[in-house]
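Here the structure is a predicted model, which means the values were calculated and not measured.
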Amino acid sequence: MQQNYSPKDIEATAQQHWSQTEAFRAVKESGKPKYYCLSMFPYPSGKLHMGHVRNYTIGDVLTRWHKMRGYSVLQPMGWDAFGLPAENAAIANKVPPAKWTYDNIAYMKKQLQSLGLGIDWSREIATCKPDYYKWNQWLFLRMLEKGIAYKKTQVVNWDPVDQTVLANEQVIDGRGWRTGALVEKREIPGYYLGITQYAEELLADLDKLPGWPDRVKAMQANWIGKSFGVRFAFPHDIKDNGAAINDGKLWVYTTRADTIMGVTFVAVAAEHPLAAHAAKSNKDVAAFVEKCKHVSVMEADIATMEKEGVDTGLKVTHPLTGEQVPVWVGNYVLMGYGEGAVMAVPAHDERDFGFAKKYSLPIKQSIRVADKTFSTDKWLEWYGDKENGVCVNSGKYDGLNYQQAVDTIAADLKAKNLGDKQVQWRLRDWGISRQRYWGCPIPIIHCDSCGSVPVPDEQLPVVLPEDCVPDGSGNPLHKRADFLNCTCPKCGKPARRETDTMDTFVDSSWYYSRYASGFKSDAMVDEETNHWMPVDQYIGGIEHAILHLLYSRFWSKVMRDLKLVNYDEPFANLLTQGMVLNHIFSHRTDKGGIQYFAPNEVEMMKDEGGRITAKLVSDGSAVDYQGIGTMSKSKLNGVDPQALIDEYGADTARLFMMFAAPPEQTLEWADSGVEGAHRFLKRLWAFGAEFANIGKETHDLGALSGDAKALRREIHLALRQANYDMARFQFNTVVSAAMKMLNALEKSGKEAANRAVVNEALSILLRLLSPITPHIAHALWRELGYGDDVLAAQWPEPLEAALVQDELELVLQVNGKMRGSIKVSASADKAAIEAAAIAHEAVQKQLNGGAPKKVIVVPGRLVNVVA
RNA sequence: GCCGGGGUGAUGGAACUGGUAGACGUGCCGGACUCAAAAUCCGGUGCCAGAGAUGGCGUGAGGGUUCGAGUCCCUCCCCCGGCACCA
């Protein structure tokens with residue numbers, strides 16, 4: 001056996017062994033439970049980053065652990081291969097996104113393989129390949145048939161210089177990232193998926209997911225946002241070209257119908273017909289509507305921006321009081337959300353309150369809470385309280401509580417035919433059209449005579465040409481005659497193909513079911529899918545807690561309703577790993593755009609005020625420090641693990657990553673512990689080599705005493721803790737248990753009894769480490785003669801017999817402060833323990849001659865004397 | 001702004017249902033080996049006072065419940081994730 005730890009050799013050998021024995025090929029095995037372990041597939045951005053290493057090591061640890069515990073496992077891998085970074089790379093390097101993507105996949109696959117992951121590579125997927133995305137298109141057509149997919153207008157960010165649609169990420173402070181031009185809102189047609197048709201089930205089925213973290217379920221429930229409210233109308237006779245606008249009714253929705261008597265104005269979106277009407281004759285309104293075109297479409301921006309508005313001069317009628325109510329245009333009212341208009345009750349809504357104060361609009365109290373005094377000077381929390389309030393200044397509704405008021409008011413509105421109760425969802429339908437090249441083509445043909453015609457199934461897939469090079473000025477498909485020109489499937493006349501592609505969330509909404517299938521060319525999924533699904537353990541970043549997971553749940557339910565699969569929920573258990581964070585550095589370009597720099601190109605310093613400043617190593621020019629954030633391709637703050645793997649080996653990288661922090665916790669990147677992880681593996685190897693030289697010893701482990709007995713107890717105690725932590729995925733303390741074991745073994749004596757315990761302990765330690773550092777465990781298991789394959793060995797369990805002790809040490813406290821400890825026999829009763837405690841010198845000193853008021857004994861742990 | 005999570009030594013983190021705060025690492029200090037360094041090994045290391053025994057303080061800040069609080073409750077501060085076209 002080699003005396004020095006040589007990760008290069010043992011890792012290559014172990015990996016060869018797994019690939020030759022097809023150790024991780026997923027097959028149905030009778031009599032064994034299945035375990036489908038899935039890590040979120042990576043976007044092929046070029047190189048793995050530490051977040052990937054973390055994610056895939058967690059998945060591999062769980063896969064190998066389950067394999068050793070008798071499961072038949074499936075752990076697949078693939079590529080979320082469509083997306084924006086490929087187009088950005090094309091703009092920068094003039095390389096087609098397809099070539100860039102395939103090159104990245106080849107490189108990253110090598111990296112993944114060098115980590116020694118137990119992946120069934122025969123099930124690899126790349127979403128940019130026609131044999132995969134064909135089924136995106138096919139299912140989209142089924143959704144069109146069922147009315148789940150439909151067309152309507154959508155609001156997008158428009159860069160007027162590049163003449164292109166921008167992603168939210170490409171808008172920096174209201175300007176295009178490349179051009180620095182002021183971004184405009186534009187309304188264009190696009191396809192939507194009716195996820196709201198499934199809102200009720202998506203909400204209710206969260207209860208069917210006990211294996212999901214509560215925090216993720218809470219976020220999803222809040223996102224779906226079921227609310228019970230009232231939709232009602234303000235009648236008016238505002239006419240445009242002689243006809244009443246919207247039949248003379250201004251509809252709004254509110255969850256606070258109980259405050260309806262406090263309405264002092266209504267606010268409509270800039271795109272609302274009433275605003276458009278007012279703009280025709282009122283310059284101020286027209287100017288404001290124009291200004292609103294530059295308001296961000298992002299919710300975070302809308303929520304934090306200054307609320308502004310302008311009076312249209314128009315009036316509508318309050319449906320209950322008959323009073324005339326002014327109509328304002330507000331920049332915070334969104335046309336695409338609800339009715340595009342809201343009733344404003346400044347007295348009981350914080351946003352309306354601020355708006356009314358700003359424009360000196362009346363504030364009318366209509367809710368009272370006992371013992372509280374209302375004042376229009378300043379907003380107070382209780383103004384918005386619907387639990388404890390009753391109506392006031394509200395005529396016949398005075399004295400009613402929230403629910404009574406809503407019920408009565410809804411009934412009155414209904415009687416007037418001006419409204420009714422309505423359940424509303426915060427969740428909006430899913431807009432999937434992207435005005436981009438590098439995505440799955442939407443299978444639609446536009447015909448001058450027949451309109452938008454679905455591509456017939458037998459013409460699928462609509463294949464995306466792979467040789468385009470986007471230049472930042474719109475979708476290059478517009479210039480591709482061979483893609484664009486086709487014949488109408490209905491009438492046979494010349495027609496044009498749709499050039500929009502699908503949101504990449506479509507690709508990732510069902511890949512897990514394709515992995516699990518038999519990869520048929522004539523079916524999206526098959527019977528094998530139902531065998532492996534649902535995923536037993538899904539692992540991925542917490543940043544996907546809402547969108548990706550919600551879309552996947554929705555897509556699964558649509559597939560179920562099409563009888564393609566038989567499960568309601570795709571992911572039985574979810575582990576949301578925390579982000580790996582690193583520093584972010586950027587700098588404004590001359591055009592007003594933004595450029596990022598990798599942390600290793602930058603030197604960080606602190607100024608006198610303790611603020612972090614930074615400059616480029618290359619030329620010393622100053623760059624802006626943007627704080628710390630998730631490792632991402634676009635911000636260039638990822639750390640490539642390759643250098644680590646090359647220098648220390650995959651086992652060190654895996655061990656370090658698992659040891660650094662528990663999986664769910666965010667992790668600020670620092671490589672200072674890598675050496676320590678490597679040192680541990682070197683010590684393990686050296687200890688193994690030494691033990692191989694000394695040789696084994698037979699000794700009855702049931703008849704140990706002294707050192708050997710204590711050593712064995714220590715090992716089994718650490719094993720008990722490790723198994724407990726393994727089950728709750730706290731791998732950092734599993735590693736520390738393994739380190740404790742090795743520390744204990746290194747200190748142990750060389751007599752026969754000790755060596756027999758070491759023999760047992762090493763076999764435990766190697767099996768325990770095998771999921772985390774599989775290569776070294778594989779090599780030592782064979783070298784020390786425990787067997788051919790540690791993966792085939794049984795998972796170790798602590799033995800009760802090894803854990804018993806004759807004497808216990810109890811902590812002594814006086815008034816909750818630790819003052820010493822006592823040793824008692826394991827069989828001592830409460831009275832004996834109390835007596836021993838009170839007799840203790842330190843306790844006597846604290847009691848100072850007095851008698852204890854009370855003595856609390858926590859069995860096996862401590863005694864607290866209350867003085 | 002809203003929703004979700006987090007804050008513990010110099011540092012990554014541990015502490016099971018409220019029961020010895022700082023496990024296991026890193027770093028640092030001292031020692032051994034060495035001509036020397038690296039590597040390796042041994043010992044120490046929360047802060048303050050003290051020669052020491054020991055005492056006091058200590059889990060973002062402030063308050064509360066309890067024999068006992070990092071853990072439970074209230075108020076506040078800071079950081080991270082998501083907010084629908086980054087993936």
_Check the orientation of A:Phe353 and A:Tyr383. Use parallel for under 30°, tilted for 30 to 60°, and perpendicular for over 60°._
tilted

*asked:* Quick test of your reading of the model: are A:Asp349 and A:Arg256 salt-bridged, counting only N-O distances below 4.0 Å?
replied: no

_Give me the distance, rounded to whole Å, that separates B:rA10 from B:rG46 when you measure between the P atoms they each carry._
10 Å

*asked:* Taking B:rA23 as the reference, what is the distance to B:rU45 when you measure between their C1' atoms (whole Å, please)?
replied: 15 Å

_Syn/anti label of B:rG9 as read from its glycosidic torsion, with the cut at 90° from 0_ = syn

*Salt-bridged, A:Glu664 to A:Arg215, with N to O below 4.0 Å?*
yes

*asked:* Rounded to whole Å, how long is the line connecting atom NZ of A:Lys854 with atom P of B:rU66?
replied: 11 Å

N/O contacts under 3.5 Å, protein versus nucleotides 19-25 of chain B?
| unit_1 | atom_1 | unit_2 | atom_2 | d |
| --- | --- | --- | --- | --- |
| B:rG19 | N2 | A:Gln813 | OE1 | 3.3 |
| B:rG19 | N2 | A:Asn864 | ND2 | 3.2 |
| B:rA23 | O2' | A:Lys740 | NZ | 3.3 |
| B:rG25 | OP1 | A:Asn743 | OD1 | 3.3 |
| B:rG25 | OP1 | A:Asn743 | ND2 | 2.7 |

*Using the P atom as the reference point in each nucleotide, state the distance between B:rG60 and B:rG70 in Å, no decimals.*
10 Å

_Say we look at B:rA61 and B:rU54: how far apart would their C1' atoms be, to the nearest angstrom?_
31 Å

*asked:* Please report the distance, rounded to the nearest Å, between CZ in A:Phe680 and P in B:rU26.
replied: 11 Å

*Please state how far atom CE in A:Met657 lies from atom P in B:rG12, giving the value in whole angstrom units.*
14 Å

*What's the CD-C1' distance between A:Gln665 and B:rC79, to the nearest Å?*
13 Å

*How far, in whole Å, is B:rC73 from B:rU65 if one measures between their C1' atoms?*
7 Å

*Pairwise C1' distance for B:rC33 and B:rG18, with rounding to whole Å*: 49 Å

*Taking the six-membered ring for Trp, are A:Phe680 and A:Phe659 ring centroids under 6.0 Å apart?*
no

*With both distances kept under 3.5 Å, what pairs with B:rA32, Watson-Crick or G-U wobble?*
B:rU40

_Test of understanding: with ring pair (Phe, Tyr, Trp, His ring centres under 6.0 Å), list the residues that count as partners of A:Phe355, not counting sequence neighbours._
A:Phe265, A:Trp328, A:Tyr332, A:Tyr359

*Take the protein atom CD of A:Gln730 and the nucleotide atom C1' of B:rC16, then report the distance between them rounded to whole Å.*
10 Å

*Check the distance between B:rC41's C1' and A:Glu746's CD and give it to me in whole angstrom.*
10 Å

*For nucleotides B:rG9 and B:rC47, find the distance between their P atoms and express it as a whole number of Å.*
12 Å

*asked:* So does A:Arg553 get a backbone contact from the side chain of A:Tyr198, meaning a donor-acceptor N/O pair under 3.5 Å?
replied: no

*If B:rC67 has a Watson-Crick or G-U wobble mate with both distances under 3.5 Å, name it; if not, just say none.*
B:rG19

*Which base, if any, makes a Watson-Crick or G-U wobble pair with B:rA51, both distances under 3.5 Å?*
none

_B:rU45 - base-pair partner by Watson-Crick or wobble geometry, distances under 3.5 Å_ = B:rG27

Do any side-chain atoms of residues 854-866 of chain A form donor-acceptor pairs under 3.5 angstrom with protein atoms, and if so which ones, sequence neighbours left out?
| unit_1 | atom_1 | unit_2 | atom_2 | d |
| --- | --- | --- | --- | --- |
| A:Asn864 | OD1 | A:Asn815 | N | 3.3 |
| A:Asn864 | OD1 | A:Gly816 | N | 2.9 |

*Would you please classify the geometry between the A:His548 ring and the A:Tyr511 ring as parallel, tilted or perpendicular, with 30° and 60° separating the classes?*
tilted

_In whole Å, measure the gap between the C1' atoms of B:rG13 and B:rU8 for me._
9 Å

*A:Trp379 CH2 to B:rG1 P: how many Å, rounded?*
16 Å

Give me, pair by pair, the N or O atoms of the protein and of nucleotides 80-87 of chain B that are less than 3.5 Å apart, along with how far apart they are.
| unit_1 | atom_1 | unit_2 | atom_2 | d |
| --- | --- | --- | --- | --- |
| B:rC80 | OP1 | A:Ile628 | O | 3.4 |
| B:rG81 | OP1 | A:Thr630 | N | 3.2 |
| B:rC83 | O2' | A:Glu299 | OE1 | 3.4 |
| B:rC83 | O2' | A:Glu299 | OE2 | 3.4 |
| B:rC83 | O2 | A:Glu299 | OE2 | 3.0 |
| B:rA84 | OP2 | A:Glu299 | N | 3.2 |
| B:rA84 | N6 | A:Arg426 | O | 2.9 |
| B:rA84 | N1 | A:Arg428 | N | 2.9 |
| B:rC85 | OP2 | A:Arg434 | NH2 | 2.7 |
| B:rC85 | O4' | A:Arg434 | NE | 3.2 |
| B:rC85 | O3' | A:Asn168 | N | 3.3 |
| B:rC85 | O2' | A:Asn168 | N | 2.5 |
| B:rC85 | O2' | A:Asn168 | OD1 | 3.4 |
| B:rC85 | O2 | A:Arg436 | NH2 | 2.3 |
| B:rC85 | N4 | A:Ser433 | O | 3.4 |
| B:rC85 | N4 | A:Gln435 | OE1 | 2.9 |
| B:rC86 | OP2 | A:Asn168 | N | 3.4 |
| B:rC86 | OP2 | A:Glu169 | N | 2.8 |
| B:rC86 | O4' | A:Glu169 | OE1 | 3.2 |
| B:rC86 | O4' | A:Glu169 | OE2 | 3.4 |
| B:rA87 | OP1 | A:Leu84 | N | 2.9 |
| B:rA87 | O3' | A:Asp80 | OD2 | 2.5 |

*With both distances under 3.5 angstrom, what nucleotide forms a Watson-Crick or G-U wobble pair with B:rG58?*
none

Please list each protein N or O that sits under 3.5 Å from an N or O in nucleotides 54-56 of chain B, with the distance.
| unit_1 | atom_1 | unit_2 | atom_2 | d |
| --- | --- | --- | --- | --- |
| B:rG55 | OP1 | A:Arg819 | NH1 | 3.4 |

*Could you label the plane-to-plane angle of the A:Tyr192 and A:Tyr150 rings as parallel, tilted or perpendicular, counting under 30° as parallel and over 60° as perpendicular?*
parallel

*Output all residues satisfying side-chain hydrogen bond (donor to acceptor under 3.5 Å, both in side chains) with A:Thr733, sequence neighbours left out; order by chain, then residue number.*
A:Asp725, A:Gln730

*asked:* Using 30° and 60° as the class boundaries, would you call the ring planes of A:Tyr551 and A:Trp430 parallel, tilted or perpendicular?
replied: parallel

_Does any part of the side chain of A:Ile188, heavy atoms only, come nearer than 4.5 Å to the side chain of A:Trp158, both counted from C-beta?_
no

*Any donor and acceptor pair, going by atom type alone, linking the side chain of A:Asn475 with main-chain N or O of A:Thr499 inside 3.5 Å?*
yes

*Roughly, in whole Å, what's the span from CD in A:Glu675 to C1' in B:rU40?*
13 Å

*According to the Watson-Crick and G-U wobble definitions, with both distances under 3.5 Å, which nucleotide is paired to B:rC83?*
B:rG1

